Every structure is written in structure tokens, then in C-alpha cells.
Amino acid sequence: MASMNDNPIARQDPDVWQAFVAEEKRQQNTLELIASENHVSAAVLQAAGSVFTNKYAEGYPGRRYYGGCENMDRVEQLAIDRAKGLFGCDHANVQPHSGSQANQAVLLAAMNPGSRFDEAEQREKKPGEPVRTPGDMILSLHLDHGGHLSHGKHVNISGKWFRVTHYGVDRETGRINLDEVRRLARQCKPQLLITGASAYPRIWDWAGFAEIAQEVGALLLADIAHIAGLVAAGLHPNPVPVCDFVTTTTHKTLRGPRGGLTMCKADWAKKINSAVFPGLQGGPLMHLIAAKAVAFGEASKPEFKTYQQRVLDDAKALAESLLSRGHRLVSDGTDNHLMLLDLRKGYPHVSGAMAEDWLGRAGIVVNKNMIPFDERKPMETSGLRIGTPALATRGMGVDEMRKIADMIDRVVSSEGSKAVIESVQGEVLELCAQFPLPGSSSSN
Ligand code: DSN
């Protein structure tokens, strides 16, 4: 943990320093089970907080709008080459600030937003009056079934600019049924079919989606934000060979800095680059691009595959232990790094928000999550999303996962009893002390 004397923030800004120290302590002393979070290495952290933050570098390597970009070119080209090596894509744009922007780049490059479509208004038009045109159609997974805001939710730009149809998971199996996706695709004739999710615990059948996209003449986008690390390690099928576009964040299982990455087939390279800059963004965040380069370098090493295997083993052990204690998981388990606990079985009066709060007080950090066919609102939910990437980074294995399943079970089944929370909190602290964070003084 950083000390007061050797830290410039501490000397200059005690208010921020206090929050900084408290956050370091929180991360060290809690079990991070939010499926989209991780702990980066000391090298990634250093790159993200480096002198690269000082530099503007609008443009791309070799073609910048600013002088003094030779080191920016070097580091961005490294990130690009490493991303291409990891995923085997024709083209990689490492500049998106986030996963949402990585997706927006695809929408801007490949889709026609038309002008705002209002059926009632259109009916009232007189001959000769300009008619508003509807935007292109997106077919994607529903947010409540594990999809993402940027895949066409009505409150997001993707849902405001385009028409959207959603597929969902099967009520019985909790899995995506490709026959249903095909039926919807034939019906709505999308220009873009989106695969990928924020909360789907099963393996994606990319080839099956590609067949449907081809049949209806749609472009295919796979958003692998959650599973990118597994894909890079070869532990989940890679969508790159069959998709026009593949997007990801860089900070989840991939364990890099917060940010986005858009990959595409060679034919789309120019349009994707123009969509990211100048279409959506100005200056790239070069400190984060440097950190992406470092993280992609780490992900190409054999140890990364060992780490990803631990993520999977941990998730399997945690899921099995929860199931064996009578809990219900959407789709009855997991093939990847996350699972969705459905509280409706056994605890119908307990909301995800309540369980998140009780577990949080015990030092177990999870997020409430809508589950398929949820009747509660998004700030309440009937589910919890639980993931293992961060704890696997700390070196926790299947034995620890069994203990953690037991702790989760005790907190939830006691319905937040103060005594149980206090006792679990003691066990959490003990476990955390045995597994320091990467780069923390106690792990060096
Ligand atoms: N917020 C991310 C997640 O938690 O999965 C998705 O953007």
C-alpha cells in the first residue's frame, strides 16, 4: 500500500489521497465477484498512469495531426499488432475509449440511421413533403436476458437511431435458441445481427449465428467484452473468422486498462478507423493505449492461459457449490467466468438489491442483475451476477470458491442476519489477507 511520504497525491491533495487509500484498502479487503471487473498488473497500472497521458495524438500511427508523436506511434502500433496477434483479426482499432464506443464505431461505419421514424407523423404527410426514413434494423439479445445497453436499448443511442428487434433466451433452458433467432431474423431482416452479452453464462455458437446472418444478408458483430480473455487464451471459440466485426472492452477477463477495441475484416478497416476518429472521438487516450499494449503483451504469454483456466475452474466450482446448496442458476450452471443466481427459487421475497447489500456488508462484492423473465425493476432485480476473474487473479482456486459459495449461501439464506454478516466478514478478511492484490506491497 502506498505511503504518505512517497506519494505526490498525498502531499498535494489529501482529499483525493484519502479516497485513494480507502479504495486500495477496499480492494484488498473484499472479495471482488463482479464479473466485469479485475485487478490489473503493476505494469498495466504504471502504463495507465504514465507520461503518455500528456500527449495529443489525433490520427493514426504515421498520420497524426500533432507533432512529437513518434513514441505514440510506436506504442499504438505495438497495441495494434499485439491485438491482431491475440485474436487473429485483419484489422484492430485500439482507440475506442470504451466498449460502448467500440460498438458505436460499428454502427457508424456500417449502418444507416435514416432520420427519426415516427409512423403517426408519416401518415399525416402530404404528397411532396419530405418523408422521414426509418433507420436500419438491429437484431440483438435483450438486455434483461443478458444483452447490453449499446446493442439497441431504447435509452441508448443504438436504440434511438436504429430499429431494434431482440431475441431472448429460452424460458426453460436459459439458453439462446438459434431456431428462434433465425425465425426473428427472417421476420425483421436486420442489417446487423449482434451476438455477445454482458450476462450470458454459456458458450456462443458463432458459426450458427454466421449462418443466420448470411441467410438474411446481415452483417455480423460479436461483442466479446466479457469473454475476450477466454477467447485470447483459446478457451472459448473465437468469433473473428466468421464475423464482420468483433468488439470488446479491454478490462474484464482480458485484464487490461478500462477501454475498448474494435476489430474487423480488412474491407471495413478504413471505415472503422474513420468512425472512431474523427467520427466519434478526438484525441486517443494514449496512456490507456500504452496500457492496452502492455496487457495484450501479457495476454500472449503462457501464464495468461493458466490464469484463464483458473477463471473457468473457479466459476465451475462456485456454480456447483451454489447448486449443491439448493440455489438456482440461470441455465443451471456456467461454461465461462460468470453465473446468474436466480433468487426467485427459494427466496422470492429477496431482491437482487437486498442480496447485493447484505453481501456487500460482509465484504463480498457482487452486482444485482436482471434475469430472464424478471418481473422486478432494474434497480431491484431478482438476480445476482457473480464472476471469478478478479479472484482468480489473486490466485484463489476451487477450495476458496467452495468456501465463498458457503458464505454467499449463509448470508442469503439468513436473509441478511447481522450476526451472520459479521461472522462472514471475519472469514472474508482472513481469506483476503492470504491472497494479496497484484502489485500491492504485500504481494511484492
Ligand atoms: N458494465 C459492464 C458490465 O458490468 O458487464 C457492461 O458494460
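Whatever order the structure lists ligands and atoms in, that order sets their numbers, starting from 1. This one's a predicted model, so the numbers in the text were calculated from it and none came from an experiment.
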Distance under 4.0 Å to a non-hydrogen atom of [X]: what atoms of ligand 1 satisfy this?
X      : answer
Ser36  : 3 (C), 4 (O), 5 (O)
His148 : 6 (C), 7 (O)
Ser198 : 5 (O), 6 (C)

(message) Tell me the contacting part of His251 for ligand 1: side chain, backbone, both, or neither, using a 4.0 Å heavy-atom threshold, strictly below.
(response) neither
(request) Answer yes or no: is there a side-chain heavy-atom contact under 4.5 Å between Phe245 and Lys265? (result) no
(message) Do Arg385 and Ser36 have side chains that approach each other closer than 4.5 Å (heavy atoms only, starting at C-beta)?
(response) yes
(request) May I ask whether His226 places a heavy atom under 4.0 Å from ligand 1? (result) yes
(message) Can you confirm whether some protein heavy atom lies under 4.0 Å from atom 7 (O) of ligand 1, or whether none does?
(response) yes
Under 3.5 Å, which donor-acceptor pairs do the side chains of residues 43-57 form with other protein atoms, sequence neighbours left out?
| residue | atom | partner | partner atom | Å |
| --- | --- | --- | --- | --- |
| Ser50 | OG | Ala47 | O | 2.6 |
| Ser50 | OG | Phe52 | N | 3.4 |
| Lys55 | NZ | Gly67 | O | 2.9 |

(request) Would you name the heavy atoms of His97 and Gln281 that are closest together and state the gap between them? (result) N-OE1, 2.7 Å
(request) Would you check if the distance from the ring center of His327 to the ring center of Tyr347 is below 6.0 Å? (result) yes
